[in-house]
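Letters go in sequence order (proteins before strands), and every chain restarts at 1.
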Amino acid sequence: MVNDPIHQFRIHNIFGPWNIFGYDIAFTNSNLFMGIIVLVITAFLLLSASKKSLVPGRLQSVGEMWYGMVHNMVDNVLGEEGAAFFPLVFSLFSFVLVANMLGMFPYFFTVTSHVIVTASLALFVVGLVVVVGLWKHGLGWFKLFVPSGVPIVILPFISLIEVISFLSRPISLGLRLFGNMLAGHIVLKVFAGFVVSLVALGLGGIIGSLAPLFMAVALTALEFLVAFLQAFVFAILTCVYLNDALHTHH
Amino acid sequence: MATTTETTETTGHEEGGAFPPLDSSTFPSQLFWLVIFFAALYLLMSRLVLPRLAAIIAARKGQIDGDLARAQALKDETEAALKAYEKSLSDARANANAIALDTRNKVTAEIDGEQAKLDGELAAKIKAAEEKLAKAKAKAMESVNDIAADSASDIVSQLTGAKVLKTAAAKAVASVKN
């Protein structure tokens with residue numbers, strides 16, 4: 001069971017099961033890590049902002065870079081009107097980033113390796129785009145699906161493609177993150193499992209285990225990159241989609 | 001591991017048969033707690049954390065802008081002071097030139113006056129001397145006539161033994177002279 005690469009994704013109850021309207025909302029290890037994520041983000045950022053020095057120290061610099069990066073992203077993509085969405089984009093980015101990073105610790109649970117979590121966040125973002133778009137532009141917002149300057153003959157066809165592309169956004173947004181985290185962790189576990197299995201075979205196995213050991217180390221570095229990159233991609237796509245809600249260009 | 005996946009399904013999450021990330025029996029609890037924790041995160045960020053970070057960054061920006069503005073003000077002040085200094089310097093230079101010119105004119109005028117006075121005095125002295133000379137000359141010329149008349153009457157009396165009247169001799173001298 002130790003070598004089972006799927007074991008790390010298993011969910012078990014810590015408290016519960018509790019039933020509400022027939023649904024089991026037991027507090028599980030996944031939910032525990034959601035709480036840890038919130039705690040880590042809040043504690044780290046509050047600590048980094050505690051000194052309020054004019055010339056920032058190391059910790060404060062990281063906090064300010066974190067803030068500045070998301071702020072620039074929102075500012076560049078959404079402009080002035082996007083300021084209202086900055087806390088949301090910041091929360092999304094931070095949640096995904098810290099979830100991915102915590103997942104890199106051995107024996108820690110990776111919240112973002114569960115499709116329900118990533119899909120919920122993605123659906124929330126796209127749902128928000130629809131709500132904000134309709135609230136800002138009324139029914140005129142649907143012109144988003146009718147690009148200008150297209151010959152009338154192929155316009156229905158283009159509109160159909162636009163609608164499909166819009167509907168596929170939550171799928172791509174959620175599945176991209178889920179797939180990356182799931183596959184990365186499985187591959188890591190598989191290579192690490194090779195090392196253990198080969199070492200058990202004796203001297204020849206120990207020498208042979210060097211190759212998968214090297215792979216596991218290299219993949220760990222790659223996974224750290226992926227962990228950051230996926231959080232960044234999630235945040236910037238959120239901004240790009242929100243941009244459609246704020247500024248319809250027809 | 002493949003065998004366990006086949007066995008039980010509904011007893012709970014722990015022995016859940018399906019591939020865990022796709023096990024729909026865990027979805028309600030995941031969703032429920034995700035909403036709670038993400039809402040908590042959003043509230044903590046928007047109400048507590050982000051305003052603090054924004055305040056720090058804004059304070060630094062304000063400080064830098066203030067410092068830059070003060071530096072600019074000081075620079076302007078320096079430039080104004082330099083301009084004033086240069087102006088007073090050029091004023092003083094012009095003043096000095098004026099004084100020098102004035103003094104030179106005054107001195108020149110004084111010298112010219114002295115020169116003219118001296119020339120006048122000299123001219124008067126020369127004139128007086130010339131007059132004196134002319135007078136002496138005229139006097140000498142008169143004496144010459146007398147001497148000539150005396151000499152003439154003496155010569156006549158010596159030669160002829162006749163007495164010549166002084167007036168006649170003077171008359172004769174005057175006629176010869178003319």
Side-chain angles (χ1 to χ4, degrees), chain A residues 1 3-4 6-13 16-18 20-32 34-35 37-38 41-42 45-46 48-56 60 63-64 66-68 71 86-88 90-92 94-95 111 113-117 120-121 124 178 182, chain B residues 1-68 70-71:
Chain A
M1 213 49 173
N3 277 350
D4 177 6
I6 304 301
H7 182 253
Q8 58 181 323
F9 304 117
R10 202 137 271 167
I11 284 179
H12 53 82
N13 291 355
W18 298 316
I20 287 186
F21 305 124
Y23 293 110
D24 180 11
I25 55 153
F27 192 80
T28 67
N29 55 339
S30 169
N31 306 331
L32 173 69
M34 289 175 191
I37 290 162
V38 175
I41 296 169
T42 309
L45 289 177
L46 280 183
S48 77
S50 61
K51 271 197 193 155
K52 299 181 194 252
S53 20
L54 193 63
V55 179
Q60 193 179 322
E64 285 181 15
W66 192 333
Y67 178 95
H71 196 269
F86 170 61
L88 177 72
F90 189 88
S91 302
L92 277 170
S94 305
F95 187 85
V111 174
S113 68
H114 276 250
V115 71
I116 181 68
V117 175
S120 303
L121 294 177
F124 169 64
F178 162 67
L182 181 81
Chain B
M1 39 183 159
T3 50
T4 53
T5 52
E6 301 291 321
T7 51
T8 48
E9 268 207 350
T10 48
T11 42
H13 308 154
E14 294 166 65
E15 299 116 85
F19 181 55
L22 300 178
D23 180 1
S24 62
S25 72
T26 67
F27 285 3
S29 99
Q30 298 259 62
L31 208 52
F32 177 80
W33 291 104
L34 176 67
V35 169
I36 287 178
F37 282 124
F38 192 77
L41 179 70
Y42 180 80
L43 286 177
L44 281 168
M45 291 299 115
S46 61
R47 294 284 148 84
L48 186 67
V49 172
L50 295 180
R52 282 193 192 190
L53 283 166
I56 292 174
I57 291 167
R60 179 178 306 126
K61 195 177 180 307
Q63 171 97 38
I64 289 170
D65 288 352
D67 283 358
L68 282 178
R70 222 174 53 211

Item to complete: Heavy-atom pairs under 4.5 Å with chain B are the metric here; pick the option from A/Phe124, A/Phe9, A/Trp66, A/Tyr67 that has the most.
Response: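 Heavy-atom pairs under 4.5 Å are most numerous for A/Tyr67.
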Discussion item. If we define contacts as heavy-atom pairs under 4.5 Å, which of A/Val38, A/Asn31, A/Asn29 has the most with chain B?
Written reply: A/Asn31
Proximal component of [X], with respect to chain B [non-hydrogen, under 4.5 Å]:
| X | value |
| --- | --- |
| A/Phe95 | both |
| A/Thr42 | both |
| A/Ser53 | backbone |
| A/Phe178 | side chain |
| A/Ile37 | neither |

Item to complete: Applying side chain to side chain contact (heavy atoms under 4.5 Å, CB included) between B/Gln30 and each of A/Val115, A/Val111, A/Ile116, report the one that passes.
Response: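 With B/Gln30 as partner, A/Val115, A/Val111, A/Ile116 yield a single side chain to side chain contact (heavy atoms under 4.5 Å, CB included), made by A/Ile116.
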Worksheet entry | B/Phe27 backbone acceptor or donor facing A/His114 side chain under 3.5 Å |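 No, the answer is negative, given that no donor and acceptor are paired below the 3.5 Å cut-off.
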Worksheet item: Hey, are the side chains of B/Thr26 and A/Ser30 touching, using non-hydrogen atoms and a 4.5 Å cut-off?
Response: no
Result block: side-chain N/O donor-acceptor pairs under 3.5 angstrom for residues 47-61 of chain B, not counting sequence neighbours:
unit_1, atom_1, unit_2, atom_2, d
B/Arg60, NE, A/Leu54, O, 2.7
B/Arg60, NH1, A/Glu64, OE1, 2.8
B/Arg60, NH2, A/Leu54, O, 3.1
B/Arg60, NH2, A/Glu64, OE1, 3.4
B/Arg60, NH2, A/Glu64, OE2, 2.9
B/Lys61, NZ, B/Asp65, OD2, 3.1

Fill in: B/Ser46 OG to A/Phe90 CZ distance, which is reported to the nearest 0.5 Å
11.0 Å
Worksheet item: Quick one: what part of B/Leu41 sits under 4.5 Å from any heavy atom of chain A, side chain, backbone, both or neither?
Response: both
Ignoring hydrogens and angles, write down the donor-acceptor pairs under 3.5 Å from the side chains of residues 32-40 of chain B, residues two or more places apart or on other chains.
unit_1, atom_1, unit_2, atom_2, d
B/Trp33, NE1, A/Ile25, O, 3.0
B/Trp33, NE1, A/Ala26, O, 3.4

